[in-house]
Novice: 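The structure that follows is given in the form of structure tokens.
We count ligands from 1, going down the list as the structure has it; atoms in each ligand are counted the same way.
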Amino acid sequence: MAVVPYKDQNENKKSQVAQMFNNIAGKYDFLNHFLSAGIDIIWRKKAVKLLAPSNPKIMLDIATGTGDFAIEALSLNPDNIIGVDISEGMMAVGREKLKRRGLDKKIELLYGDSEDLPFEDNTFDAITVAFGVRNFENLPKGLSEMYRVLKPGGTAVVLEFSKPKAFPMKQLYQFYFKNILPVVGKFVSKDRAAYTYLPESVQAFPDGQEFINIYQQVGFKSTKWHSLTFGISSIYTGKK
Ligand SMILES: C[S@@+](CC[C@H](N)C(=O)[O-])C[C@H]1O[C@@H](n2cnc3c(N)ncnc32)[C@H](O)[C@@H]1O
């Protein structure tokens, strides 16, 4: 059974996820940095750096949300970046941010579902996804679509929460994720379920080697997995 935000609703995971991100869009950036004590910014920087050797020019950021990963990817000096997402609310916040910072010529945010990407085969030099794949309704489908639109020789970088395995980080993390994060998240975002869905979806997500197995099954080669901050997050890279 898929983990969904609103268990009393009948809509599929995709529409519930879009609804949830529309609800919390205005508070998303603040909560992200506050609840992670800013570590999410360091994780995005590390993930983007892994793409530097390939010097990508045309990039796609999937599940772009308010565009933070796409903005970080500008450090690679690409010609342009397209960000896609299913939450118009998140992209509205993102578009405002891009305009304010004068980045709206370099980064374009478009409606797009990771499981049915509106692009030709072999279009992008590099693809990024941060904290998105856990929300996909059909993970193998989303990853195969990434593979399809990536150019041969291109690299995909996935940043996602994972589960720390060792004492005492495992216990501390579980306490924080189950007891503190949902309370603060609900209070600030006013969404009853979003920050309960977060730990539940991380728990259900196939992290580490399990993720690498799926990554390889859809075709990615030279796959690598980097664990960050005691395993709280992981970066997965793969080539076409
Ligand atoms: C946790 S946010 C991450 C946003 C951004 N990448 C970041 O690093 O802050 C997850 C985003 O994934 C988007 N998302 C979930 N399922 C998606 C799908 N099937 N296709 C495209 N975007 C999706 C959500 O709408 C949401 O904006």
Novice: On the ring face of Phe187, is Lys190 found with NZ or CZ under 6.0 Å from the centre and within 45° of the axis?
Specialist: yes
Novice: Do any nitrogen or oxygen atoms of Ser114 lie less than 3.5 angstrom from nitrogen or oxygen atoms of ligand 1?
Specialist: yes
Novice: Pull out every atom of ligand 1 sitting under 4.0 Å from any heavy atom of Ser87, numbered as shown with elements.
Specialist: 25 (O)
Novice: Quick one, Val129 and Asp61 - any side-chain contact, counting heavy atoms below 4.5 Å?
Specialist: no
Novice: For ligand 1 and Ala63, I'd like to know whether there is a polar contact (N/O to N/O, distance under 3.5 Å).
Specialist: yes
Novice: Report yes if some N/O of Arg134 lies less than 3.5 Å from some N/O of ligand 1; otherwise report no.
Specialist: no
Novice: Does ligand 1 have an atom that lies less than 4.0 angstrom from a heavy atom of Arg44?
Specialist: yes
Novice: Is there a side-chain contact between Glu72 and Thr128 in this structure, where contact means two heavy atoms from C-beta onward sitting under 4.5 Å apart?
Specialist: no
Novice: With heavy-atom distances below 4.5 Å as the criterion, would you say the side chains of Arg95 and Met91 are in contact?
Specialist: yes
Novice: Is there a side-chain contact between Ile71 and Leu98 (heavy atoms, below 4.5 Å)?
Specialist: yes
Novice: How many angstroms lie between atom CD of Glu145 and atom CD of Glu115, to the nearest 0.5 angstrom?
Specialist: 9.0 Å
Novice: Against ligand 1, does Gly112 come closer than 4.0 Å with any heavy atom?
Specialist: yes
Novice: Are Val149 and Val218 linked, directly or through intermediate hydrophobic residues, by side-chain heavy-atom contacts shorter than 4.5 Å (ILVMFWY only)?
Specialist: yes
Novice: I need the nearest protein heavy-atom contact for atom 13 (C) of ligand 1: residue, atom name and distance, please.
Specialist: Asp85 OD2, 3.3 Å
Novice: Suppose I only count heavy atoms of Met90 and a 4.0 Å limit; which atoms of ligand 1 are within that range?
Specialist: 27 (O)
Novice: Test Asn122 against every option in Arg148, Lys151, Lys240 by the side chain to side chain donor-acceptor pair (under 3.5 Å) rule and name the one that passes.
Specialist: Lys240
Novice: Hey, is ligand 1 close enough to Ala130 that some N/O pair sits below 3.5 Å?
Specialist: yes
Novice: Answer yes or no: does an N/O atom from Thr66 fall short of 3.5 Å to an N/O atom of ligand 1?
Specialist: no
Novice: Is any side-chain heavy atom of Phe161 less than 4.5 Å from a side-chain heavy atom of Ile232?
Specialist: yes
Novice: For Val17, counting its heavy atoms only, list the atoms of ligand 1 lying under 4.0 Å from any of them.
Specialist: 15 (C)
Novice: Starting from atom 9 (O) of ligand 1, find the nearest protein heavy-atom neighbour and note its residue, name and distance.
Specialist: Tyr28 OH, 2.8 Å
Novice: Looking at atom 16 (N) of ligand 1, what's its closest protein heavy atom, distance included?
Specialist: Ile86 CD1, 3.5 Å
Novice: Determine whether any heavy atom of Asn32 lies closer than 4.0 Å to an atom of ligand 1.
Specialist: yes
Novice: Which ligand 1 atoms, with their elements, are less than 4.0 angstrom from a heavy-atom of Phe131?
Specialist: 1 (C), 2 (S), 3 (C), 8 (O), 10 (C)
Novice: Counting C-beta onward and ignoring hydrogens, is there a side-chain heavy-atom pair between Arg134 and Phe211 closer than 4.5 Å?
Specialist: no
